[in-house]
2 protein chains.
Amino acid sequence: MLVVVALGEETKRFSQLHAQIAGISKKMLTQVLRELERNSLDKRVVYLVIPPMVEYSLTPLGLTLRELIYALRDWSERYIEEVERRRTEYDQQDKTLLQEQIMALVQQWTEAS
Amino acid sequence: MLVVVALGEETKRFSQLHAQIAGISKKMLTQVLRELERNSLDKRVVYLVIPPMVEYSLTPLGLTLRELIYALRDWSERYIEEVERRRTEYDQQDKTLLQEQIMALVQQWTEAS
DNA sequence: CCGGATCCGGTTTGATACTG
DNA sequence: CAGTATCAAACCGGATCCGG
């Protein structure tokens with residue numbers, strides 16, 4: 001998905017994509033690009049020069065999918081803060097419950113001794 | 001994702017969801033539902049009865065996400081055939097190449113002997 | 001009925017080195 | 001530059017048993 005976003009409107013080279021997508025390995029990038037190509041979502045053009053040059057671009061089909069991915073990205077950007085806030089609450093709630101359970105155990109122990 | 005679609009508009013019980021989503025294990029369903037709950041995308045209501053009864057429903061936030069998921073589902077339904085057709089072509093192309101390579105090897109071998 | 005806990009094989013991934 | 005090859009490590013996801 002990030003790959004489709006990274007491709008954007010333009011044709012890009014392998015190393016450009018690799019630099020643009022933080023933390024992806026060459027292996028994974030290759031794998032994803034090949035799979036997209038297989039599904040005809042992107043196009044791969046190899047120039048027979050030295051050093052090698054390979055360009056990737058979205059197909060018309062890929063472009064239609066990109067719109068949806070943009071919508072997802074916008075949703076994330078809009079709600080990411082709320083989700084993270086809620087998640088923190090949820091996790092702390094768990095922590096509170098755990099504390100209560102521990103306190104209960106301590107109490108039982110003190111009563112028993 | 002399928003879980004969000006399955007939840008739809010209504011409140012549903014665990015076993016309903018489990019029956020509705022083909023091939024998901026209880027473990028996975030539980031895991032997904034808990035993660036969604038953690039991100040406040042669904043709500044979990046436990047009734048303290050025997051046998052247990054647990055109901056799940058989408059939160060307002062979850063409802064906004066559901067719209068996007070519907071869009072993705074529609075995209076899939078619309079283009080799935082094209083993608084599969086292209087994929088088949090792509091794979092057969094590979095097979096053809098492989099055959100050519102094998103033929104070339106056979107030729108070399110027959111020439112050598 | 002709705003899970004939690006544990007084990008366990010298979011897939012995926014990262015790291016590293018290498019190549020035309 | 002744009003990958004491929006190989007191996008170890010991490011991460012699932014399923015199967016099974018248990019428990020309120």
Side-chain angles (χ1 to χ4, degrees), chain A residues 1-4 6-8 10-39 41-58 62 90-91 93-102 104-105 108, chain B residues 1-8 10-39 41-58 87 90-91 93-95 97-98 100-102 104-105:
Chain A
M1 252 187 44
L2 288 172
V3 174
V4 173
L7 268 169
E10 320 144 40
T11 292
K12 297 217 171 153
R13 300 187 55 179
F14 184 86
S15 45
Q16 283 183 285
L17 292 171
H18 192 220
Q20 195 172 340
I21 305 171
I24 196 172
S25 64
K26 287 193 294 181
K27 183 179 166 184
M28 278 304 102
L29 182 55
T30 301
Q31 209 172 95
V32 171
L33 285 168
R34 287 293 154 78
E35 194 61 20
L36 290 174
E37 188 196 359
R38 193 165 95 99
N39 298 341
L41 294 173
D42 75 19
K43 196 162 54 109
R44 178 165 176 269
V45 179
V46 182
Y47 297 91
L48 294 174
V49 294
I50 293 177
M53 178 160 103
V54 182
E55 288 185 342
Y56 296 91
S57 56
L58 290 177
Y90 187 91
D91 293 346
Q93 192 183 69
D94 280 357
K95 207 179 286 179
T96 307
L97 281 176
L98 187 60
Q99 282 178 357
E100 283 172 8
Q101 284 169 14
I102 292 172
L105 284 174
Q108 281 176 21
Chain B
M1 251 185 45
L2 287 172
V3 174
V4 174
V5 172
L7 268 170
E10 321 146 39
T11 291
K12 297 216 172 153
R13 299 189 53 181
F14 184 86
S15 42
Q16 282 184 284
L17 292 171
H18 192 219
Q20 194 172 342
I21 306 170
I24 195 171
S25 65
K26 288 193 296 179
K27 179 180 170 183
M28 277 305 103
L29 183 54
T30 301
Q31 209 173 94
V32 171
L33 286 168
R34 285 296 153 79
E35 195 60 20
L36 290 174
E37 188 196 357
R38 194 165 95 98
N39 297 341
L41 294 173
D42 75 17
K43 196 160 55 109
R44 178 164 176 267
V45 180
V46 182
Y47 296 91
L48 294 175
V49 294
I50 291 178
M53 177 160 104
V54 184
E55 288 186 343
Y56 296 91
S57 56
L58 290 177
R87 192 150 50 191
Y90 187 92
D91 293 347
Q93 194 183 65
D94 280 355
K95 206 180 286 180
L97 281 176
L98 187 60
E100 282 172 8
Q101 283 169 16
I102 292 171
L105 284 174

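First the proteins, then the strands, lettered A, B, ... as listed; each starts at 1. Nothing here was measured: the structure is a model prediction, and the numbers come from that model.
- With sequence neighbours left out, the side-chain hydrogen bond (donor to acceptor under 3.5 Å, both in side chains) criterion links B/Arg34 to no other residue.
- Sorted by first and then second residue, the side-chain hydrogen bond (donor to acceptor under 3.5 Å, both in side chains) pairs with a member in residues 11-21 of chain B read B/Lys12-B/Gln20; sequence neighbours excluded.
- In this structure A/Glu35 satisfies the salt bridge (charged side-chain N to carboxylate O under 4.0 Å, His left out) test together with A/Arg38, sequence neighbours excluded.
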TODO: Could you walk me through whether B/Tyr56 and B/Glu37 pass the side-chain contact (heavy atoms from CB on, under 4.5 Å) test, one step at a time?
DONE: CA-CA 9 Å; B/Tyr56 296 91; B/Glu37 188 196 357; 5.7 Å; no

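- Comparing the end axes of the helix from C/dC1-D/dG20 to C/dG20-D/dC1, each fitted to five base pairs by superposing C1' atoms of four pairs onto the next four, gives an inter-axis angle of 50° (nearest 10 degrees).
- Residues meeting the side-chain hydrogen bond (donor to acceptor under 3.5 Å, both in side chains) test with A/Asn39, sequence neighbours left out: B/Arg87.
- DNA chain D is contacted by B/Ser25, B/Lys27, B/Met28 of residues 21-35 of chain B, taking any non-hydrogen atom closer than 4.0 Å.
- Every residue meeting the side chain to side chain contact (heavy atoms under 4.5 Å, CB included) condition with A/Met28, not counting sequence neighbours, appears here in chain and number order: A/Ile24, A/Ser25, A/Gln31.
- Along DNA chain D, the nucleotide nearest to A/Val46 and the one nearest to B/Pro52 differ in position, and the one closer to the 5' end is contacted by A/Val46.
- Residue A/Leu17 places its CG atom among more than 12 non-hydrogen atoms of other residues, nucleotides or ligands, all under 6.0 Å distant.
- Within residues 10-19 of chain A, no residue has any heavy atom under 4.0 Å from DNA chain C.
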Taking only N/O atoms, report every protein-nucleotides 9-11 of chain D pair under 3.5 Å with atom names and distance.
none

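- The footprint of chain A on DNA chain C, defined by a heavy-atom cutoff below 4.0 Å, extends from C/dT13 to C/dG20.
- For A/Val4, the side chain to side chain contact (heavy atoms under 4.5 Å, CB included) partners at least two apart in sequence or on another chain are A/Leu36, A/Leu58, A/Arg66, A/Ile69.
- Among the atoms of the strands shown, only primed sugar atoms or phosphate atoms (P, OP1, OP2) are found under 4.0 Å from some heavy atom of A/Tyr56.
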